[in-house]
Amino acid sequence: MLTKEKRVTPIIGVQFTLLLLISLSLLLSGCASTPLLSEKRNAELRQAFADREFVFRTDWYEYFHIYEGKTGHRAIVASKNPSRYLRRAAEDPGDYFASAGTVGHITDVQPEHTYKLHIHFSSNMGNRGFITIQRSQLTDQIATAAWVEDQLTHSAIQFLDRSTMVAEEVEAALPTPPQQPTLTAAPSPTLTPALATVAKPAIRQFEAVVNPSRIRHGETLKLMLDYVVESGDRETIAVTETRSLLFNGKALPGYPKEKIDRKSSGRQTSAFRQKIPSGAKSGTYTYKGEVCIETGCVSRLIRFSIEP
């Protein structure tokens, strides 16, 4: 009898071990059964966002994420009383990737987990990073292109107009400019206040931005306009965007550049690209951005320099 017991015991131990391994395997496979987004949806998101240009509306850090359309630091692990370590980790912004106003373009869209989507980008300064969109669960039904765009543009970024123009190289055979006076923003014309019964068109929150502020020959300059249109009691109004490049007080050949379009109420962002030719003189230049509607114009003067 003793001999039989000694022979049976190891067999029972092996069977128990096998049963335990099978149970763990089934448990793990069950935990990991929730699939990532389908390849079809991945392809649709890449097609919708790859190579699109945008401007950061807020400083972006490694551990920032978007949840329900709002940006914030990484979430604290669910707990009624999180430890001091977890609190500090949640408040840590991580590595600094890009500041507000930085221009970048999307390079890829990748699902990283069943609840996490990474929007990879490259900034005009050469920095690479990703914007994280989180939700309790991401499915093909949730992560549509429209939903992703809404999450991104709620408070994190502003896409540049898809129809932005590309300028050809222009000659700049002008003499080296003398010392430039300090420029101030052009005064905005006083628009007639809206009547009690009639809302009149207006331009609000106007900004003109030149990026980068220091540039070398062969690089591309972006002349941006950002503003809010109020179309009043009409669906659309005529808006004229004008960009001028000045050197020594004179407009460069081929400028100003003018674009007329009808726009509805809302924020408008557009960019004009100008490649700096090898023959351009080094020195200080001026970018004048202007937007006009029927009630008046608003403009800004921004200085930038072409380095030797």
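These numbers were taken from a predicted model, which means no experiment stands behind them.
- Taking each heavy atom of Leu37 and Ala143 in turn, the nearest pair found is CD1-CB, 3.8 Å.
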Take Gln205 and Arg267 through the side-chain hydrogen bond (donor to acceptor under 3.5 Å, both in side chains) test and state the conclusion after the steps. CA-CA 9 Å; Gln205 304 176 27; Arg267 180 167 294 279; 2.4 Å; yes
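- When side chains are defined from C-beta on, Leu117 does not count as touching Thr132, because their heavy atoms never get closer than 4.5 Å.
- Cluster membership for Ile142 and Val109, using ILVMFWY side-chain heavy atoms within less than 4.5 angstrom, is shared.
- The structure places CG of Leu45 at 11.5 Å from CD of Glu149, a figure rounded to the nearest 0.5 Å.
- Using a 4.0 Å cut-off between charged nitrogen and carboxylate oxygen, Lys263 and Glu230 do not count as a salt-bridge pair.
- Exactly one residue among Phe56, Phe159, Phe130 makes a ring-ring contact (aromatic ring centres under 6.0 Å, His included) with Phe121. That residue is Phe56.
- With salt bridges taken as basic N to acidic carboxylate O contacts below 4.0 Å, none links Glu219 and Arg214.
- Among Val210, Asn211, Ile302, the single residue meeting the side chain to side chain contact (heavy atoms under 4.5 Å, CB included) criterion with Met224 is Asn211.
- Placement of Val228 and Ile237 in two distinct hydrophobic clusters is found when ILVMFWY residues are connected by side-chain heavy-atom separations under 4.5 Å, directly or transitively.
- Put simply, the side chain of Tyr227 does not reach to within 4.5 Å of the side chain of Glu207, judged on heavy atoms.
- In terms of heavy-atom proximity, Pro201 sits nearest to Thr295 at O-OG1, 3.3 Å.
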For residues 94-104, dump all side-chain donor-acceptor pairs below 3.5 Å to protein atoms at least two apart in sequence or in another chain.
residue	atom	partner	partner atom	Å
Ser99	OG	Thr102	OG1	3.2
Thr102	OG1	Ser99	N	3.3
Thr102	OG1	Ser99	O	2.8

Could you give me the CA-CA distance, side-chain angles and deciding distance for Ser265 and Ser231, then say whether side-chain hydrogen bond (donor to acceptor under 3.5 Å, both in side chains) is met? CA-CA 5 Å; Ser265 293; Ser231 60; 2.7 Å; yes
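- Residue Gln274 forms a side chain to side chain contact (heavy atoms under 4.5 Å, CB included) with just one option from Leu245, Thr220, Ile215, and that option is Leu245.
- Checked for salt-bridge contact, Glu241 and Lys259 miss the test: no charged N lies under 4.0 Å from a carboxylate O.
- Residues forming a ring pair (Phe, Tyr, Trp, His ring centres under 6.0 Å) with Tyr287 (at least two apart in sequence, or on another chain): none.
- Counting heavy atoms from C-beta on, the side chains of His154 and Lys70 come closer than 4.5 Å.
- Tyr255 is connected to Ile276 through a chain of hydrophobic side-chain contacts under 4.5 Å among Ile, Leu, Val, Met, Phe, Trp and Tyr, so both are in one cluster.
- Considering only heavy atoms from C-beta on, Ile106 stays 4.5 Å or farther from Asp51 through its side chain.
- In this structure, Arg243 does not pair ionically with Glu290, as no charged nitrogen and carboxylate oxygen lie closer than 4.0 Å.
- Phe49 pairs with exactly one of Val148, Thr107, Asp108 by the side chain to side chain contact (heavy atoms under 4.5 Å, CB included) rule, that one being Val148.
- Between the side chain of Ser155 and the backbone N or O of Gly69 there is at least one donor-acceptor pair closer than 3.5 Å.
- For Arg41, the side-chain hydrogen bond (donor to acceptor under 3.5 Å, both in side chains) partners at least two apart in sequence or on another chain are Glu44.
- Taking the six-membered ring where the residue is Trp, Trp60 and Phe64 present perpendicular rings, their angle passing 60° and hence far from 30°.
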